[in-house]
Trainee: 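Here it is: the structure, laid out below.
Below, chain A is the first sequence line, B the second, and so on; all start at residue 1.
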Amino acid sequence: MTAAAATSSELLSVVAARELAARRTVFAGIGLPTLAASLAHLTVAPELEIVYESGVCGAHPSHLPETIADAVLITGAEAVLPMPTLFGSVLQGGHIDVGFLGAAQIDKWGNLNSSVIGDWHHPKARLPGSGGANEVMANAREVFVVMRRHDPRSFTERLDFCTSPGPDRALADGIRPLGAGVTRVITELGILAREGVGEELRLAAVHPGVSADDVRAATGWELKTADDLTVVEPPTEAELALLREDVDPERVYLR
Amino acid sequence: MTAAAATSSELLSVVAARELAARRTVFAGIGLPTLAASLAHLTVAPELEIVYESGVCGAHPSHLPETIADAVLITGAEAVLPMPTLFGSVLQGGHIDVGFLGAAQIDKWGNLNSSVIGDWHHPKARLPGSGGANEVMANAREVFVVMRRHDPRSFTERLDFCTSPGPDRALADGIRPLGAGVTRVITELGILAREGVGEELRLAAVHPGVSADDVRAATGWELKTADDLTVVEPPTEAELALLREDVDPERVYLR
Amino acid sequence: MSAVDKTMTMREAIAAHVHDGDTVSLEGFTHLIPTAAGHEIIRQGRRDLTVIRMTADIVVDQMLAAGCVSKLVSSFVGNSSAGSLGELRRRVESARPAPLEFEEYSHYGMICRYIAGAQRLPFYPLRSYGGSDLPEVNSSLRKVTSPYPGPDGGTEQIYVVPPVNPDVTIVHAQRADRSGNTQIWGLTGVQAEAVYAARKAVVVVEEVVDGEVVRSDPNRTVVPAHAVNAVVECPRGAHPSFAQGYYDRDNAFYRSWSAISKDKERLTAWLAEWVHGTRDHAEYVAKLGEEFWDGLVVGEAMSLPVNYGRRL
Amino acid sequence: MSAVDKTMTMREAIAAHVHDGDTVSLEGFTHLIPTAAGHEIIRQGRRDLTVIRMTADIVVDQMLAAGCVSKLVSSFVGNSSAGSLGELRRRVESARPAPLEFEEYSHYGMICRYIAGAQRLPFYPLRSYGGSDLPEVNSSLRKVTSPYPGPDGGTEQIYVVPPVNPDVTIVHAQRADRSGNTQIWGLTGVQAEAVYAARKAVVVVEEVVDGEVVRSDPNRTVVPAHAVNAVVECPRGAHPSFAQGYYDRDNAFYRSWSAISKDKERLTAWLAEWVHGTRDHAEYVAKLGEEFWDGLVVGEAMSLPVNYGRRL
């Protein structure tokens with residue numbers, strides 16, 4: 001029996017999960033990041049702990065959570081911390097290996113905009129803002145970005161507003177951040193990667209059937225390609241089975 | 001039936017309790033301050049809450065506590081706070097009306113030494129140090145000092161070391177404290193008082209049988225006397241009965 | 001020792017402690033959002049409020065739509081992950097029907113403002129904001145030079161935020177005694193700091209309990225009585241958010257809010273029916289109906305008791 | 001999710017995590033003092049330690065007397081209200097048998113150093129020290145000018161303390177699971193901050209419990225597993241201090257310490273008998289005898305359970 005072909009959500013979740021190999025702590029929002037972390041826990045990162053910005057550590061949810069503060073994350077958790085402790089001692093304290101962030105716009109240095117489209121004072125669209133994103137960027141050892149849509153408006157030469165700056169911008173402002181900033185961007189076209197300060201995001205891998213030119217055309221800056229560009233290994237049947245049967249059997253997020 | 005004459009401990013406790021009239025929160029150590037606060041609660045300050053630097057608010061002890069962290073203060077308390085909350089939000093936050101402090105030396109401005117006798121680097125006697133005293137002085141609305149012994153070595157023109165400065169010293173250092181500093185010093189001879197910044201401690205009251213000259217002779221600086229010097233009203237039978245029967249029936253501190 | 005009875009009705013508490021022009025903090029991070037208090041502020045027609053709330057969500061959108069708010073201080077303006085806040089976007093994007101002054105932070109920036117306010121500090125340092133555009137649109141985000149050498153031996157700079165001291169902070173909790181000793185379990189968020197930062201505090205609870213209940217577990221007291229001015233018993237007052245162990249989150253209502261709030265007429269009708277059209281939260285609860293509440297019922301998962309000990 | 005087993009014996013934990021020359025924080029404010037860990041450090045003959053402890057009391061005096069400590073960082077050096085620390089006073093007052101480097105703070109100064117260490121801050125501001133002589137003898141107490149106007153519109157200064165980041169922090173707690181989720185009730189002191197400030201942390205507990213016990217009440221977890229490197233089960237390991245709900249304080253021993261420690265020979269004999277003369281804390285406990293422990297037994301005062309709720 002062959003598994004059904006992977007959906008876009010499944011593909012992104014599987015690819016993100018693989019990138020979490022051997023990591024210990026991940027700061028994840030609800031949706032694809034949770035799916036990725038849960039799958040990684042079952043596969044490449046058995047010691048992985050998901051920390052939620054609401055204050056939950058070591059959750060053992062009875063149901064797939066609908067928010068980062070879902071009651072099912074609390075009941076049976078190993079610890080529920082006050083927010084000053086979570087943000088101060090856990091996140092700023094340097095205990096998070098990987099933080100997942102989303103954004104409306106990203107630039108080649110991995111700077112992120114989640115505040116406004118247009119001018120902040122008279123925005124065309126008011127977005128939610130930082131939440132904890134600015135802190136995750138400044139304090140997690142590295143940041144993974146999962147963005148379904150890969151187009152030049154989202155992957156832009158110039159952000160309308162920088163909500164969560166990578167280390168290069170921080171250093172220019174005289175502030176030394178703890179981590180490397182965005183190191184992986186996982187999209188429907190492939191994976192962009194950078195290692196740290198002074199490095200641009202480069203195309204590291206494409207999904208099967210996608211060419212480097214496709215990705216360059218979808219990116220708003222002149223995207224460089226890694227020397228060892230690879231093709232993403234499609235989700236295995238084992239990965240898909242875990243995702244479909246154990247992680248999200250009701251397909252809450254696997255739309 | 002006449003009550004036995006008041007002991008020194010009883011006298012000091014009763015006098016300190018009266019000074020707590022209408023106060024709401026008191027930061028008290030174990031011993032005479034606890035006795036005074038407990039008696040005040042039963043008499044002149046029915047809403048009084050004792051806050052302990054260990055983190056206990058609203059204690060309902062089954063036995064007279066032996067330390068500020070005695071297990072009997074915890075069981076049945078209304079709240080037990082982490083120390084950062086107690087010192088940060090409660091004390092520094094400005095929620096304490098009166099703090100009780102002791103000291104080895106006090107000067108005319110109500111500055112206190114609880115660190116060393118002699119030079120700090122080569123002390124003749126090493127005392128415990130600040131503990132939370134520096135914070136109580138800086139942040140309580142006013143400070144009461146109970147010192148059994150009233151002699152020129154303790155009531156000194158010049159402290160060997162200033163552990164806990166009153167507001168005059170703080171202001172000279174460019175720091176604006178919240179409270180008035182020491183406003184009452186209760187000793188076996190009488191009561192010294194000052195109201196706040198710029199004021200020296202003056203003799204406000206003497207115990208029956210003590211003269212102003214007696215107190216001046218026992219004080220290491222040129223002690224001024226208040227215009228309306230009074231004689232302390234001796235403990236009433238009602239006060240002594242409460243102290244002996246309700247507050248410390250086993251005479252743990254009423255030595 | 002203090003045993004002052006601070007219980008009052010929501011109507012009394014809002015009338016006594018929230019005035020036109022006040023700075024009002026409403027906290028509760030996803031859990032225990034003080035919605036019923038927001039609705040009573042709307043009913044009493046407060047104007048020109050500065051609202052402080054980390055996650056400005058449905059209750060803030062409702063207060064905006066009712067015309068109560070002239071300024072918002074926040075770190076996240078959105079309807080959780082369930083969509084947009086229609087009124088907020090109209091106010092910010094096109095000043096309809098009136099402009100909204102907006103002071104923007106990140107979550108930890110807001111947390112640190114509360115901590116600084118609670119601890120009476122002139123500023124609080126945090127490792128956020130370096131290189132961000134936020135300091136360009138918020139002049140309260142400033143830098144301080146550390147008086148200690150940095151990791152490389154040179155000087156080190158860090159951003160700081162100023163304290164916030166609301167006129168009143170309102171929080172929702174599971175339970176309190178009559179004098180205000182307040183117990184919260186599950187997510188405790190930043191409620192304690194928001195209360196200590198405020199000049200006055202109103203605690204809304206699912207149930208007022210005997211002092212003995214609170215005192216059986218003093219570590220559970222997140223806010224002690226000395227920091228509380230009013231205790232309001234208001235069951236289900238956190239709807240559509242949840243109260244751990246009491247009722248679950250109304251996710252359907254969250255999902256519906258985008259459509260309601262996108263259409264100003266529909267939003268006005270919603271307020272007329274559910275807020276102005278109910279005398280108090282008890283009526284709002286009754287109007288939703290028992291069948292509705294049955295859908296949010298939670299089962300039991302009791303904590304194991306611990307022994308505080310008793311001297312023999 | 002993490003379920004790594006971090007349990008080990010006290011001997012293994014001290015051997016693995018405390019080295020000559022290390023900076024070691026031992027916290028516990030009157031309650032849950034990690035005495036057994038201090039004794040094992042003595043048994044293993046550690047030298048040249050910098051000990052950080054807010055209330056330097058009996059266990060510090062013992063470590064000083066055993067020659068383990070070259071520097072002390074503290075805010076209170078005394079035997080509670082029960083008298084003096086003989087060895088500490090000899091070291092400080094007359095450099096016998098060796099000088100002791102002493103860095104002195106106030107309680108809140110120490111607390112703020114731990115917070116700054118835990119939160120990776122370059123400094124932490126506090127409203128202490130203005131006009132005190134402490135900054136004259138401790139150059140780490142410095143001033144910062146606030147970037148915001150003060151209450152009078154002028155500039156405002158405030159003292160700050162630097163972070164502390166011990167090589168290892170050791171705390172005692174009532175219970176933990178095998179992976180290090182640690183629960184404390186009663187006085188929780190500054191244990192969480194001291195652990196988060198440290199590079200490594202050892203948690204000593206009255207009992208190692210199943211994960212299910214911890215997870216029945218996640219708000220009780222003061223230190224999560226991710227901050228813990230070793231879990232040591234050591235019943236009665238906080239003696240002569242107390243463990244709320246487990247055993248009471250040995251006030252008689254506190255009162256006796258002034259006389260023991262005042263006489264160096266007697267102190268040396270005490271260490272020989274009770275620390276060097278016992279193989280581990282279990283022997284120390286047995287040597288005290290069951291009759292002794294009967295005197296410290298506490299009765300029951302159970303917390304009332306709360307409902308965390310379960311989705312139906």
Trainee: What part of D:I158 gets within 4.5 angstrom of chain C, counting heavy atoms only: side chain, backbone, both, or neither?
Mentor: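 For D:I158, the side chain is the part near chain C, not the backbone.
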
Trainee: What's the spacing between C:Y308 OH and D:M302 CE if we round to 0.5 Å?
Mentor: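 So the OH of C:Y308 and the CE of D:M302 are separated by 11.0 Å.
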
Trainee: Apply side-chain contact (heavy atoms from CB on, under 4.5 Å) to residues D:V298 and C:L312 and explain how you reach the verdict.
Mentor: CA-CA 6 Å; D:V298 297; C:L312 299 170; 5.7 Å; no

Trainee: Got a sec: does the CD of C:E207 have more than 12 other heavy atoms crowding it under 6.0 Å?
Mentor: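 Count over threshold, so yes.
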
Trainee: Look at D:Q174, D:R311, D:E212, D:R142 and state which one has the largest set of heavy-atom pairs under 4.5 Å with chain C.
Mentor: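 Result: the option with the highest number of such pairs is D:R142.
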
Trainee: Do D:V306 and C:Q183 have side-chain heavy atoms sitting under 4.5 Å apart?
Mentor: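 No. Closest side-chain heavy atoms not under 4.5 Å.
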
Trainee: Please classify the contact between C:F242 and chain D as side chain, backbone, both or neither, with a heavy-atom cut-off of under 4.5 Å.
Mentor: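 Neither; nothing under 4.5 Å.
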
Trainee: Under a 4.5 Å heavy-atom cut-off, does chain D meet the side chain of C:L296, its backbone, both or neither?
Mentor: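 Neither part, no heavy atoms under 4.5 Å.
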
Trainee: Name the option with the most non-hydrogen atom pairs under 4.5 Å to chain D; the candidates are C:G150, C:P305, C:G299.
Mentor: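 That would be C:G299.
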
Trainee: How about C:P122 and D:Q157: do any of their side-chain heavy atoms sit closer than 4.5 Å?
Mentor: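 No, their side chains stay 4.5 Å or more apart.
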
Trainee: Can you check whether D:S140's main-chain N or O pairs, donor with acceptor, with C:Y148's side chain at less than 3.5 Å?
Mentor: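 A pair under 3.5 Å: yes.
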
Trainee: Under a 4.0 Å threshold between the charged nitrogen and the carboxylate oxygen, would D:D217 count as salt-bridged to C:R220?
Mentor: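 A salt bridge is present here (some side-chain N lies under 4.0 Å from a carboxylate O).
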
Trainee: If we define contacts as heavy-atom pairs under 4.5 Å, which of D:P149, D:S216, D:P151 has the most with chain C?
Mentor: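 Looking at each of D:P149, D:S216, D:P151 in turn, D:S216 comes out on top.
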
Trainee: Quick check on the interface: out of D:S146, D:P162, D:A116, who has the most heavy-atom pairs with chain C under 4.5 Å?
Mentor: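 The candidate making the most pairs under 4.5 Å is D:P162.
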
Trainee: If every non-hydrogen atom of D:L304 is compared with every non-hydrogen atom of C:V213, which pair is closest and at what distance?
Mentor: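 Reported closest heavy-atom pair: CD1-CA, 3.9 Å.
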
Trainee: Please identify, among C:L126, C:L187, C:V160, C:T188, the residue contributing the most non-hydrogen atom pairs under 4.5 Å to chain D.
Mentor: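 That would be C:V160.
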
Trainee: So which atom in C:N307 and which in D:W185 form the shortest heavy-atom distance, rounded to 0.1 Å?
Mentor: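 Closest pair (atom of C:N307, atom of D:W185, distance): O-NE1, 2.8 Å.
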
Trainee: With a 4.5 angstrom heavy-atom cut-off, could you sort out which part of D:E156 is near chain C: side chain, backbone, both or neither?
Mentor: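 Side chain of D:E156 only, per the 4.5 Å heavy-atom cut-off to chain C.
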
Trainee: Please classify the contact of D:P218 with chain C as side chain, backbone, both or neither, using a heavy-atom distance under 4.5 Å.
Mentor: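 Neither part.
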
Trainee: At a heavy-atom separation under 4.5 Å, does C:Y247 approach chain D through its side chain, its backbone, both, or neither?
Mentor: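 Nothing of C:Y247, per the 4.5 Å heavy-atom cut-off to chain D.
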
Trainee: Considering only heavy atoms, which portion of D:R215 lies under 4.5 Å from any heavy atom of chain C: side chain, backbone, both, or neither?
Mentor: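 Neither; nothing under 4.5 Å.
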
Trainee: I'd like to verify something: which residue of D:S303, D:P125, D:G245 has the highest number of heavy-atom pairs under 4.5 Å with chain C?
Mentor: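 Looking at each of D:S303, D:P125, D:G245 in turn, D:S303 comes out on top.
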
Trainee: For C:E300, is it the side chain, the backbone, both or neither that has a heavy atom under 4.5 Å from a heavy atom of chain D?
Mentor: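 Both parts, heavy atoms under 4.5 Å.
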
